[in-house]
Protein chains: 2
Amino acid sequence: MHFPEMIKYLKVRREMLQVTQEMLAELAGVSLRTLKQFESGRGNPTLQTLSKLADALGLELTFKVKTLSVNK
Amino acid sequence: MHFPEMIKYLKVRREMLQVTQEMLAELAGVSLRTLKQFESGRGNPTLQTLSKLADALGLELTFKVKTLSVNK
DNA sequence: CACAAAAGAGCAGTAAAATGCACTTTAATA
DNA sequence: TATTAAAGTGCATTTTACTGCTCTTTTGTG
């Protein structure tokens, strides 16, 4: 999952939960400015920031072993 | 997956692949200093840094929906 | 269209991540 | 035990993430 996908995923998740950026920022304990930057693709959040956001959205960061598929 | 677990996971993965910190740092395009700090728990890497490391280890960052379990 | 709420962005200050260099500690093994 | 590779750390510098404030743009609803 690369950058743009992660952003999209979190954004969709937020909207699905009907939470505004303002609410999420507050819930997550992240500044609104930072969240806005992140969602608009202008960011490289720290793991802590990303975790806080994921957490507030009921998500968890995990690793997945990449599989080597021949045909993409 | 929280901070200490992620560190542990990546470290174990690296060792499983018999890769030294030095090799991984080079492969991932991350400075050795940064990797050392991260693995020794003294860090809060940016998403970019974490992604590079995961990538080089054949791992992918993903989100997982947290389930609300009654009895933990 | 008019209005309001939500989202996006410029600017500047502060905090902290990333980096390089040099040194110390730990672990493996001859 | 001596040697050496790998891992860990202190310090200083550079880069950049985080933040608040303010303003603009977009979106949606009457």
ask   = Under 30°, 30 to 60°, or over 60°: which ring-plane class applies to A:F38 and A:F3, parallel, tilted or perpendicular?
value = perpendicular
query = Going 5' to 3' along DNA chain D, which nucleotides are the first and last within contact of chain A (any atom under 4.0 Å from a heavy atom)?
reply = D:dA17 to D:dC21
Backbone of B:L47 reached by a side-chain donor or acceptor of B:S51 within 3.5 Å = yes
query = To the nearest angstrom, how far is B:L50 atom CG from C:dA17 atom C1'?
reply = 13 Å
task = Decide if atom NZ of B:K66 counts as having more than 12 heavy atoms of other residues, nucleotides or ligands within a radius under 6.0 Å.
result = yes
inquiry  = Looking at every non-hydrogen atom in both residues, tell me the closest pair between A:G41 and A:I7 and how far apart they are.
reply    = CA-CD1, 3.7 Å
message = Rounding to 10°, can you tell me the angle the first-five-pair axis of the helix from C:dC1-D:dG30 to C:dA30-D:dT1 makes with its last-five-pair axis?
response = 60°
task = Measure from the side-chain N and O atoms of A:E60 to the backbone N and O of B:M1, and report whether any donor-acceptor pair falls under 3.5 Å.
result = yes
request  = Give a yes/no answer on whether the side chain of B:T46 brings an N or O atom under 4.0 Å of OP1 or OP2 in C:dA18.
outcome  = yes
query = Hey, is the main chain of B:L57 close enough, under 3.5 Å, to the side chain of B:R14 for a donor-acceptor pair?
reply = no
query = Would you say the side-chain atoms of A:T62 and B:T62 include a donor-acceptor pair closer than 3.5 Å?
reply = yes
request  = Hey, could you give me the OG1/CD distance between B:T46 and A:Q48, rounded to the nearest 0.5 Å?
outcome  = 13.0 Å
query = So, the side chain of B:Q21 versus the backbone of B:K36: is there a donor-acceptor pair under 3.5 Å, distance only?
reply = no
task = List the protein contact pattern of nucleotides 4-11 of chain C with one symbol per nucleotide (5' to 3'): B for base contact, S for sugar-phosphate-only contact, - for none; contact means a heavy-atom distance under 4.0 Å.
result = --SBBBBB
query = Just by modelled atom types, is the B:V30 backbone N or O under 3.5 Å from a matching donor or acceptor in the B:T34 side chain?
reply = no
